[in-house]
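Notes to accompany the following structure.
Read the numbers this way: they start at 1 and go in the same order the structure lists the ligands and their atoms.
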Amino acid sequence: MNRRKFLKAGALTAPFLTAKNALASTFDAGTKPIVVSTWNSGKAVNAEAWKVLSVKGRALDAIEAGARQIEDELNCCVGLGGYPDRDGIVTLDSCIMDEHSNCGAVAGIERIKHPVSVARMVMEKTPHVILVGAGAQQFALENGFPLESGELSESAKKAYEDWLKKSEYKPVINIENKPAVKKQNGPFAPNFFEDGTANHDTMGLVAMDALGNLSGAVTTSGMAFKVHGRVGDSPIIGAGLFVDNEVGAATSSGVGEEVIRICGTHLVVEFMRQGYSPEMACKKAVERIVNRDPKKAKTLQVGFLALNKKGQHGAYAIQKGFEYCVKSNDEEKLYQSKFIL
Ligand code: ASP
């Protein structure tokens with residue numbers, strides 16, 4: 001090999017070696033429990049998860065407890081209190097994934113309060129990964145989940161009636177940048193707005209427990225006023241959530257179709273495997289969406305949130321406004337995500 005070829009080969013292998021070294025340290029499990037969750041409503045979710053993590057509980061139990069907290073909150077737009085589809089029906093999506101890559105999900109489930117627990121049961125009691133619609137509801141009922149009333153919450157009813165006037169399906173971006181129109185009528189009120197629009201209707205959370213094991217969950221009512229039967233990224237493993245216990249975990253929020261197109265959270269975890277920090281991994285996944293169609297990206301919001309095996313966290317979004325909450329022994333904080341546009 002002449003010098004020139006040697007230098008060229010060196011230039012090609014150097015970044016690889018750096019990435020490999022970074023990789024080695026990424027794989028050293030952190031021993032401090034931590035939970036991270038999307039949006040400002042993640043504070044109460046994290047508090048619930050922390051009750052499990054702080055007594056050396058399993059990350060899987062922690063994230064299920066956290067997700068159930070927000071599903072219980074009928075003033076919030078994640079669970080049965082969320083906005084309906086265009087036929088006036090609230091349909092919920094959820095998934096869960098543990099440290100062994102076991103996973104379960106439900107999509108388009110109606111009148112069941114805790115889809116995250118149904119998703120866990122799909123994971124633990126069936127050989128399947130996803131159950132949908134009537135079949136998911138039947139499975140939940142057979143396993144003792146009560147059938148709730150199909151009535152819309154007050155705020156959802158009002159928003160739906162307003163929406164029906166025009167019946168336009170238009171996901172709203174940058175809603176977080178409109179504080180002046182926020183309603184102040186409850187702990188999760190910032191998710192609802194006077195002009196009939198809704199904040200992102202999704203809670204994604206990932207956690208690491210005292211043993212260094214990772215798990216994650218997502219729960220959502222999906223995009224408001226969606227076509228009946230539409231499934232977003234949230235219950236899709238590799239799109240709305242991905243956990244790899246060797247590397248890290250990631251979750252997403254925003255326009256699910258765009259996340260599905262790039263297998264978003266799987267991509268984020270793969271970037272972390274290559275040695276990128278959680279924030280950089282999220283940024284690179286966001287860039288994938290933006291570069292694919294820069295003009296369309298201006299009308300979209302997608303945010304990724306990631307946690308690596310060292311307990312480092314980070315996020316990135318297309319637009320300003322994505323935020324996430326962190327709870328560990330060292331911090332309890334709401335972070336504003338960086339963004340591309
Ligand atoms: N990602 C969710 C979906 O597409 C929506 C959201 O994050 O608000 O269903």
Is there at least one pair of N or O atoms, one from Thr220 and one from ligand 1, spaced under 3.5 Å apart? no
Is the closest heavy atom of Asp233 to ligand 1 under 4.0 Å? yes
Judged on heavy-atom distance to atom 2 (C) of ligand 1, which of Val78, Thr38, Thr202, Val218 sits nearest? Thr202
Residues Arg111 and Glu148 bridged, charged N to O under 4.0 Å: no
Ligand 1 versus Arg230, non-hydrogen atoms closer than 4.0 Å: side chain, backbone, both, neither? side chain
Under 3.5 Å between some N or O of ligand 1 and some N or O of Gly222? no
Pairwise distance NE2(His228) to CD1(Ile89) - rounded to 0.5 angstrom: 4.5 Å
Kindly confirm or rule out an N or O of Val255 lying under 3.5 angstrom from an N or O of ligand 1. no
Can you tell whether the side chains of Lys56 and Asp209 come within less than 4.0 Å, N to carboxylate O? no
Ion pair check, Glu161 and Lys158, cut-off under 4.0 Å: no
Touching ligand 1 at all, Lys226? Heavy atoms, strictly under 4.0 Å? no
Part of Ser234 with heavy atoms under 4.0 Å of ligand 1, whether side chain, backbone, both or neither: side chain
Sidechain N-carboxylate O distance under 4.0 Å for Lys51, Glu48: yes
Do NZ/NE/NH1/NH2 and the carboxylate oxygens of Asp330 and Lys32 come within less than 4.0 Å? yes
